[in-house]
Number of protein chains: 2
Amino acid sequence: MSSSPRDTRTLILEAARRLFERPGADPVRLVDVAREAGISRQAVYLHFDSRARLLLALVRYVDDVHTLETQVGTAVAGHGGAEALRRFIRVWGGYVRHIDGIAYAMHHLAHTDAEAAAAWNERMQTFRKLCRGFATALEEDEQLAVGWTVDSAADLLWSMLSIRTWRELVHERRWSKARYVEHMTRAVERTFVRPPRKDPS
Amino acid sequence: MSSSPRDTRTLILEAARRLFERPGADPVRLVDVAREAGISRQAVYLHFDSRARLLLALVRYVDDVHTLETQVGTAVAGHGGAEALRRFIRVWGGYVRHIDGIAYAMHHLAHTDAEAAAAWNERMQTFRKLCRGFATALEEDEQLAVGWTVDSAADLLWSMLSIRTWRELVHERRWSKARYVEHMTRAVERTFVRPPRKDPS
DNA sequence: GCCGTCACTTGACACTGCGTCAAGTGACGG
DNA sequence: CCGTCACTTGACGCAGTGTCAAGTGACGGC
């Protein structure tokens, strides 16, 4: 699927996607993207105002191609706090590799570029809301472990499940996807999920 | 203390330290360091070959000024696995702010500079060894929770206690130091420390 | 007192990657 | 046949790092 992009914009996004998905690749420059797409560097600017805008469009495009929302939605739907969280980690653990390179580039650019910083922050906000949803669900099911408020749990969950944590473990520490899912699930459960009592009521 | 550095090298390191310790500051350029030290940009190159070397020297200098090793050593000495870990998190939670900015700059530079990448990796290796020490201590005291090997626990601990996680929580999520220590201690304990059995043996 | 040394200065330049600009070129449609 | 429009080539400006060359001035040895 998606082997014959119709317009140049999509051609560029596809090219960029290929480059950024290569793990541990050298920094991707606009000239690389252009070459990969078979066009001139300047032609990229006919479709994207700046590197930041391209990265932003790219991460949305990739989310779309890999149907992130649908995957998360169907995995989580109809499950209580703890089980939804477990299922999310499974999906997420397989998904991050698609956007890791782009996220890295965006974060790097955000260091010096205001627009990239804004895009990055918006992205982080969205992810934190997702995490807050899990914390809320846990609390509503009375499964949130003692010591946490919804917000503090959301913050730490957001950090533990962040792309950066995934990258550190999977790329730097060479964890497999299965290993990531198994260990992260265990860590998150032990940290945030109240152990079921033997004697209910 | 340290108000009258003798040589220019120390003068530069002190100036850089001041700049990098300012939280959320704009990216620190060599010209900023030079100005802060009251010398020309070129004079910096008389003492440090490159930005990467300066950052590396700086992080060592800061560790030294704040006696990181001593602090960790005295906090941890003579305590078993779980208690040593708790004490380490307390020290670490107060220490990271001194090196956060430098670490951020090093990591950023590592994206394009091989020397910075090497320095960063070496630093990460060292920290992971420290974490592995805690995992080993837990295992030796039979306090390591089920599901972990020493190495997998070390990896995840390394990630949870990383500067990056600290920065996300303290800077982006506005956690206080006390909040960081409290919540991180809880998360780490629940994740890695085997709960004491009511009926031993 | 004079001289050499050495740390530092000023000012220039190369390099990289991003972003802009101007002058083409060539295919396609009315 | 002509205009339009997407794209090309080639140039330039900008920022920050790193290099180079030609000073300058203080300090110590003789």
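Heavy atoms only: backbone and side chains are in, while hydrogens, waters and symmetry mates are out. Chain identifiers are assigned alphabetically (A, B, ...) following the order of the sequence lines, protein sequences preceding nucleic acid strands; residue numbering begins at 1 within each chain.
- Searching all strands for a Watson-Crick or G-U wobble partner of D:dT19 with both distances below 3.5 Å returns C:dA12.
- Positionally, the nearest nucleotide of DNA chain C for A:Arg29 lies more toward the 5' end than for the other of A:Gln42 and A:Arg29.
- A 4.0 Å heavy-atom criterion places the boundary nucleotides of DNA chain C facing chain A at C:dG17 to C:dC21, written 5' to 3'.
- Annotation: cation-pi geometry satisfied between B:Arg186 and A:Trp148 (NZ/CZ under 6.0 angstrom from ring centroid, within 45° of ring axis).
- Across every strand in view, C:dC6 sits in a pair with D:dG25 that passes the Watson-Crick or G-U test at under 3.5 angstrom.
- In this structure, A:Arg179 is positioned above the aromatic face of A:Trp175, its NZ or CZ under 6.0 Å from the six-membered ring centre and within 45° of the axis.
- The distance from the CG atom of A:Asp32 to the CZ atom of A:Arg18 is 13.0 Å, given to the nearest 0.5 Å.
- Put simply, the side chain of A:Arg41 and the base of D:dG10 share no donor and acceptor less than 3.5 Å apart.
- In this structure, the CG atom of B:Asp26 is 15 Å from the P atom of D:dA15, given to the nearest Å.
- Ring-centre distance between A:His107 and A:Tyr104: not below the 6.0 Å cut-off.
- In this entry the distance linking CZ of B:Phe48 with P of D:dT19 reads 15 Å, nearest Å.
- Between A:His171 and A:Trp166, the two ring planes are perpendicular [angle over 60°; tilted spans 30° to 60°].
- A 4.5 Å side-chain heavy-atom check between A:Trp92 and A:Val181 finds every atom pair outside the cut-off.
- Backbone-only engagement by A:Ser50 is indicated by non-hydrogen atom pairs under 4.0 Å involving sugar-phosphate atoms exclusively.
- Note on A:Leu30: only backbone sugar-phosphate atoms sit closer than 4.0 angstrom, heavy atoms only; bases stay farther off.
- In this structure, the OH atom of A:Tyr45 is 18 Å from the P atom of D:dA11, given to the nearest Å.
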